[in-house]
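Just so it is clear, the values below take in all heavy atoms, side chains as well, and ignore hydrogens, waters and symmetry mates.
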Number of protein chains: 4
Amino acid sequence: MMTYESITRKRIETNRRILDAAKDVFAESGFAGARIDEIALRAGVNKATIYYHIGNKKTLYTETIHGVLEKTVEKIALAIGKSSTPEEKLCCYIRTIARTIDDNPQMAPIILREMASGTHHIPDIIPMDMVQIIGMLSEILEEGVQKGVFVNTMPAIVHLMIIGSLLFYKAGENIRRQHRELSLAFNESDSENPSKFISGVEKLIIRAVAGHSEFSRRGSPSEQNGAEE
Amino acid sequence: MMTYESITRKRIETNRRILDAAKDVFAESGFAGARIDEIALRAGVNKATIYYHIGNKKTLYTETIHGVLEKTVEKIALAIGKSSTPEEKLCCYIRTIARTIDDNPQMAPIILREMASGTHHIPDIIPMDMVQIIGMLSEILEEGVQKGVFVNTMPAIVHLMIIGSLLFYKAGENIRRQHRELSLAFNESDSENPSKFISGVEKLIIRAVAGHSEFSRRGSPSEQNGAEE
Amino acid sequence: MMTYESITRKRIETNRRILDAAKDVFAESGFAGARIDEIALRAGVNKATIYYHIGNKKTLYTETIHGVLEKTVEKIALAIGKSSTPEEKLCCYIRTIARTIDDNPQMAPIILREMASGTHHIPDIIPMDMVQIIGMLSEILEEGVQKGVFVNTMPAIVHLMIIGSLLFYKAGENIRRQHRELSLAFNESDSENPSKFISGVEKLIIRAVAGHSEFSRRGSPSEQNGAEE
Amino acid sequence: MMTYESITRKRIETNRRILDAAKDVFAESGFAGARIDEIALRAGVNKATIYYHIGNKKTLYTETIHGVLEKTVEKIALAIGKSSTPEEKLCCYIRTIARTIDDNPQMAPIILREMASGTHHIPDIIPMDMVQIIGMLSEILEEGVQKGVFVNTMPAIVHLMIIGSLLFYKAGENIRRQHRELSLAFNESDSENPSKFISGVEKLIIRAVAGHSEFSRRGSPSEQNGAEE
DNA sequence: AATGAATGAGAATTCATTCAT
DNA sequence: TATGAATGAATTCTCATTCAT
């Protein structure tokens, strides 16, 4: 006879396996391309069990994505809290996002597709998660500007540069694995090392936002309506 | 009697309408989510006509994407050719990509999803197109390094930063339109102006790669194994 | 609770109904002409149920045909086993095939079409079934020759004569039903009686292969209502 | 400028090519399995040309089959006319049918399928052709009975034996080519030689219908390379 | 006389979801 | 709680046939 607790534990365990499998399949194939059959197969449960536990495909998708983003938000907040200077915080921000993306290979494709679809007709939770992540960067940059260590940039640009380069880098792994030519174009020998890539991003971003370069006073060589000052 | 020519013209015209409609639908819904019915409807042709002209969904997808990328490659090459200094070329590169992305609202979601899927099992043409685009940037950066105006960066990072921020910005338009909160997080008043955003990217990228800033000698505050020098 | 067993029984029952319906429809229309919709309708199941149980049209076809031939092989083997002399075995062989063809009105058209198509690209099971049937006749004829009661004939010819006449006779029923003229050409009054036809075939085949001219005057060892005199 | 005659000639030529291609394709795939596209391709004409010349698929099928059978009727009648005794006529009948079947590899599959389908919903011409062929045999057998050289058999049986064995033998060529096992079951070394097979059929049929047992020892009146002894 | 383009009416197959146990 | 069976509603793709030239 099962105790109440063991039943509950089993239920949680089944739920986890379903969401894990869903994460993989949605990452590989997107919402429309994912098959409930495939998710059930990988979760090792019957297809009907998914409906019993979750409800329907859309709900499954939402819960899956939210589960991924939620954890990321927590991790970044934690990491930033440990740093003191804006530069350190910025690096922490980049590195934590990078680590999370690297540890969760499903994140990159999922977010890329979410962006592509304009978060189609999915509940607000997912965009809300994204808002939080951007918000944390804005605070860091603002603090940097106030302390005089960062130039006054549009947080959106910086954020998109960071997220864009990291996500694309990660998503590109699969492509590079399949297409030798792309690897060569990327000069794989250098950039194939993830941590080297990440610190490269950190450095470039810091260079871009740091307050003391002479160049920033000269401005872009062509157009003068920049975002600066 | 100009039968032959008029037949050819008819075929080309129908083909164009199919590919145009396909571009829109694939951009909105991705490969798996797109419906041939919908494409036929928007193209104003019978569903079977698509099969008569193209063959099947996969081929239609490939031809559509290739059509989009091919033009981009041409435009960038043309724009770069008109510039002389590496800085100018880099700005041209960024601006041309930005313009193309802006003029072809289907590009951003399509490329984002292509990246996400790891170019699943699609013919090599599409990755080949991407290789060309990256290749052009690498040349610009190399020239800049040789002329002493750029620091020695990994082209991959720079490329991903540029492409990433531009694509995400564009793709984000749809999201921002739907989700007020995200707009605020992005401080829409500034960044909603595309040309302001683009020049912001240019400036940051130039700051990041430019050779003469003192900051670049100090490096990132945390790790020292950068990509530089 | 007999859940497991009742589920199994349900599956078997559904399977049987599908295969039965398929047998009819394939017999009437052949592989290309048969419609899955029609089979589902006659089986009283949803079209998708066929795919759930069987897989696809080709597999359904193969399983259907194999099911028909397999039973025939068993029946013939059983019938021959009960006889002792080669003449008896030969008559048993003919009569069992005839009965099977008569009881399974789907067999004649199915085999005819299989022959016509050269067993197109269907798994080896079907030709293998046919091989077994021919093999049994060869053994009978060989035994007859060794015992001196049969002349040395090519089994292939004898087999084709038997199978050919029986299948054509059966298949012809449909035609004769539709076309009065053919009935007259066949002198229906005599040959419309199947058992008369079958014993006629037996007698002629025995006459053709019998080694002693006396035998041919005695007639078939089992039934006496031959076609002769 | 084309003369009236050359236009007519061209039309006839096109018609012939269409019917020839149709014969092949219908033989290979049956009515339902045949594709107008494929016929047009093999005929070297545009698909629409077939509709312009013939009308529709059913008409094309009917004309094709009728063309095949019509010629056969003529040939058999001619051959029989040259013989005098019933035995000779019977052998001629068999041999002419065999030759026609052998020379027109499309006949066997086409007739087999026609039999299988019960001549579905096709105009009466085709069954009429068949009636004529059977009629000729009946006359031969009747004459033989009256002259005391044949026993009184059912013409239907004899006819089905002849047609059945010959058609199956021919149709079997394709199968035997594909399936080694069937070849062995047929003891190919003997029966692979068509003329040997045909004379074997003649001999067995004669043995089966011949009135005097002596005749059966003399063998077929024409060829001596039988299958016996 | 002939043909490339186009299409309507299917046909096979898929898939999220529900049902019965 | 969990599942094998079943299904309705698409969805991709096919094919005989027609149209315009």
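Residue A:Ala40 is out of contact with every strand shown, counting any heavy-atom pair closer than 4.0 Å. Note on C:Asn56: only backbone sugar-phosphate atoms sit closer than 4.0 angstrom, heavy atoms only; bases stay farther off.
With rounding to the nearest 0.5 Å, the separation of CZ in B:Phe31 from CD1 in B:Ile110 is 12.5 Å. Remark: A:Met107 CE to A:Ile65 CD1 distance equals 9.5 Å, nearest 0.5 Å.
Summarising the geometry, the separation between NZ on D:Lys47 and P on F:dT14 is reported as 12 Å, rounded to the nearest angstrom. Across the protein-nucleic acid pair, A:Asp37 atom CG and F:dA6 atom C1' stand 13 Å apart, rounded to whole Å. We find that CD1 of A:Ile54 is positioned 15 Å from P of E:dA16, with the value rounded to whole Å. We find that CZ of B:Arg11 is positioned 19 Å from P of F:dA20, with the value rounded to whole Å. The distance between atom NZ of B:Lys58 and atom C1' of F:dT12, rounded to the nearest whole Å, is 13 Å. We find that CD of A:Glu38 is positioned 14 Å from P of E:dT14, with the value rounded to whole Å. Between the NZ atom of D:Lys10 and the C1' atom of E:dA2 there is a distance of 8 Å, given to the nearest Å. Taking atom CZ of D:Phe31 as the reference point, atom P of F:dC15 lies 14 Å away to the nearest angstrom.
Across the interface with DNA chain E, nearest-nucleotide mapping of B:Gly44 and A:Ala32 shows B:Gly44 to be the residue nearer the 5′ end. Each of A:Gly55 and D:Ile50 has a nearest nucleotide on DNA chain E; the 5'-most of these lies closest to D:Ile50.
Side-chain atoms of C:Arg35 never come within 3.5 Å of backbone atoms of C:Ala40 as a donor-acceptor pair (strictly under, hydrogens ignored).
A:Glu28 has a carboxylate O that lies under 4.0 Å from a charged side-chain N of A:Arg42, or vice versa, which qualifies the two as a salt bridge. A salt bridge between C:Glu13 and C:Arg9 is absent, with no side-chain N of the basic residue lying under 4.0 Å from a carboxylate O of the acidic one.
Dashed line: the shortest gap from a side-chain N or O of D:Tyr52 to OP1 or OP2 of E:dA2 is not under 4.0 Å. Of the side-chain N and O atoms in C:Asn46, one or more sit less than 4.0 angstrom from OP1 or OP2 of F:dG8. Contact annotation: C:His53 does not reach the phosphate of F:dA5 (side-chain N/O to OP1 or OP2, under 4.0 Å). Listed pair A:Thr14 / F:dA2 meets the phosphate criterion, a side-chain N or O lying under 4.0 Å from OP1 or OP2. Close to F:dA16, at under 4.0 Å from its OP1 or OP2, lies a side-chain N or O of D:Arg35.
For E:dA1, there is no paired nucleotide, since no Watson-Crick or G-U wobble pair has both relevant distances below 3.5 Å. Nucleotide F:dT17: paired with E:dA6 (Watson-Crick or G-U wobble, both distances less than 3.5 Å).
When each of F:dA6, E:dA6, F:dT12 is scored by its nearest atom to the side-chain atoms of B:Tyr51, the top-ranked nucleotide is F:dT12.
If you check the side chains of A:Thr49 and A:Asn46, you find no donor sitting under 3.5 Å from an acceptor.
Counting distance only, with no hydrogens placed and no angle test, the side-chain atoms of A:Lys57 and the base atoms of E:dT17 include no donor-acceptor pair under 3.5 Å.
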